[in-house]
Protein chains: 2
Amino acid sequence: MAYTVGKVARLAHVSVRTLHHYDELGILEPSGRSESGYRLYTDADLAQLQQVLFYKELGFSLEQIADALGDPGFDRSEALQQQRGLITSRVSQLEAMLDLIDRTVAAENGGIALSKEEMFEVFGDFDPTEYEAEVKERWGETDAYKESARRTARYTKADWQRFKDEAEEINTAIAALIDEGVAPDDARAMDAVERARLQIDQWFYPCSREMHANLGEMYIADPRFTATYEKIRPGMARWMRDAIAANATR
Amino acid sequence: MAYTVGKVARLAHVSVRTLHHYDELGILEPSGRSESGYRLYTDADLAQLQQVLFYKELGFSLEQIADALGDPGFDRSEALQQQRGLITSRVSQLEAMLDLIDRTVAAENGGIALSKEEMFEVFGDFDPTEYEAEVKERWGETDAYKESARRTARYTKADWQRFKDEAEEINTAIAALIDEGVAPDDARAMDAVERARLQIDQWFYPCSREMHANLGEMYIADPRFTATYEKIRPGMARWMRDAIAANATR
DNA sequence: GATAAACCCTGACGTTACGTCAGGGTCAAG
DNA sequence: CTTGACCCTGACGTAACGTCAGGGTTTATC
């Protein structure tokens, strides 16, 4: 029922030093100590260690992990769902790499050559803004991509920085609403996603509320978009979809 | 045809600093410089960068990458096949995580609880020695696991260190043969894998040449085993399978 | 019941793979 | 011809541990 560092280390395939480190950072403090000062981990501690390892596997920093686990509103099942989605999107990314390798080999054997962009698009994180216009075209607004390209061509470095700051602020605000437990059909929720819509409208291409609703659907249908929002808060992708849908019909 | 750092960075979703770093380490030195000293990357450099990124994605250190790419016997297609196998095994691991999450959620909803080992077995690298005895049982030698457990129970820390050193030496010798281009049915190859067989026989459980051949088949059938050997040298898993098979029938 | 091997503790410095300035030269569009 | 984006070389900072050192504790075994 109570495990010493060494036992936990062997069980979880981590080093003793790693457990010491997590203890220092407050990410995983053992529930008890023996008389002689030995760290003693309980079953609950093991469950938390598993959470730490899942998050680490998904590329979260230890600081982010500390924040997530330290949050009083932390919910294990919710986190597991979030992690499930993120792992799924990671699998898609790796499968894209397999596909890239196959196409590269085919090209070497006289197949069609790959563009420079194709050679690297599987690396690095997925950028939603790059992709939204493209998706929009599939739904009919055939000029979205061109319009977006036309506008963004003139953007300066400072413009992009402003856009990023603005986007982050909007996302932070939404995350705060989620933390407060505000429902997606609450007026504050709809206002928040309306800000997101206006931002797209202003910076990239005309985006009606109906079109925004389409994008919202994609947030939960495409694992890459889902991952983008789930990484901010568990359940955020679905919450946004619902809030955007509510905003479109109010 | 010639790209500056910034262009390469945007294309490959890496930072300029990263490219500087790779240049310092000699992992990716641009083929040219402009008059004013700007780094100029060619298409071939981009292909090499892609290789670096693949290896990095698979958890190789920059030092290992430098060794692999710097090796005069480096072969792009061979490396791509190796990477394909390693990515496949990574996907299996992530799928095991998805399965673990599902079982954890099921357990929370009144399903069967998970053992401590199950909670963590998906993390950390795959240890072949832990698994071989278990697999051996599937082929009939029903006491392999028990025998192995009986023997290893008495092993001291120093014993394990000796075993690891020995195993590494054997693998290094095999890798050297591969580097030399020695064929799997060469006598030297058979001798090398015979040493591997004797090591298993000595440390864990009786392992006949026929049984060893079965293990060899598994090295290419199970992606986790394949990954273990492919990580040492591209093509090593298949080479060992062939050498072991040759050794079993000589 | 002693004695060694294995295990635990707390510092504290080392390492990898970059991030992040600082200070200064270069290029291209208006 | 200037201004914003871009490039250079140091050089120090950082995250997540690895790796001793020095010293106490537990446990298996003789």
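Just so you know, these numbers come straight off a predicted model, no measurement behind them. Basis for what follows: all heavy atoms, side chains included, without hydrogens, waters or symmetry-related copies.
Shown here are the ring pair (Phe, Tyr, Trp, His ring centres under 6.0 Å) partners of B:Tyr38, two or more places apart in sequence or in another chain: there are none. Applying the ring pair (Phe, Tyr, Trp, His ring centres under 6.0 Å) rule to A:Tyr41 yields no partners; only residues at least two apart in sequence or on another chain are considered. Among residues two or more places apart in sequence or in another chain, the side-chain contact (heavy atoms from CB on, under 4.5 Å) test is passed with B:Glu147 by B:Arg150, B:Arg151, B:Tyr205, B:Pro206. Every residue two or more places apart in sequence or in another chain that forms a side-chain contact (heavy atoms from CB on, under 4.5 Å) with A:Leu98 is listed here: B:Arg84, B:Ile87, B:Thr88. When the ring pair (Phe, Tyr, Trp, His ring centres under 6.0 Å) test is applied to B:Phe204, the partners found at least two apart in sequence or on another chain are B:Phe163. Residues satisfying the side-chain contact (heavy atoms from CB on, under 4.5 Å) criterion with B:Val16, sequence neighbours excluded, are B:Val5, B:Ala9, B:His20. In this view, A:Phe123 and B:Phe54 satisfy the ring pair (Phe, Tyr, Trp, His ring centres under 6.0 Å) rule, not counting sequence neighbours. Under the side-chain contact (heavy atoms from CB on, under 4.5 Å) criterion, B:Arg154 pairs with no residue at all, not counting sequence neighbours.
Counting to the nearest Å, the P atom of C:dC7 and the NE2 atom of A:His20 are 13 Å from each other. As rounded to whole Å, 10 Å separates atom P of D:dG18 from atom CG of A:Leu19. With rounding to whole Å, A:Glu24 atom CD is found 13 Å from D:dG18 atom P. One interatomic measurement links the two molecules: OH of B:Tyr3 to P of D:dC6, which rounds to 17 Å at whole-angstrom precision.
Nearest heavy atoms, A:Ser89 versus A:Pro223: CB-O, 3.4 Å.
Residue pairs meeting the ring-ring contact (aromatic ring centres under 6.0 Å, His included) criterion with at least one member in residues 57-96 of chain B, sequence neighbours excluded: B:Tyr55-B:Phe60.
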Base contacts versus sugar-phosphate-only contacts with protein, heavy atoms under 4.0 Å: please encode nucleotides 14-24 of chain C as B, S and - from 5' to 3'.
---BBBB----
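Using a 4.0 Å cutoff on non-hydrogen atoms, no part of residues 159-168 of chain A comes near DNA chain D. The stretch residues 26-48 of chain A comes close to DNA chain C through A:Arg33, A:Gly37, A:Tyr38, A:Arg39, each having a heavy atom under 4.0 Å from the strand.
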Could you walk me through whether B:Arg33 and B:Asp23 satisfy the salt bridge (charged side-chain N to carboxylate O under 4.0 Å, His left out) test, starting with their C-alpha distance in whole Å, then the side-chain angles of each, then the deciding distance to 0.1 Å, before giving a yes or no?
CA-CA 12 Å; B:Arg33 292 270 183 153; B:Asp23 189 1; 3.4 Å; yes
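DNA chain C is contacted by both A:Asp23 and A:Arg154; A:Asp23 maps to the nucleotide lying nearer its 5′ end (nearest heavy atom per residue).
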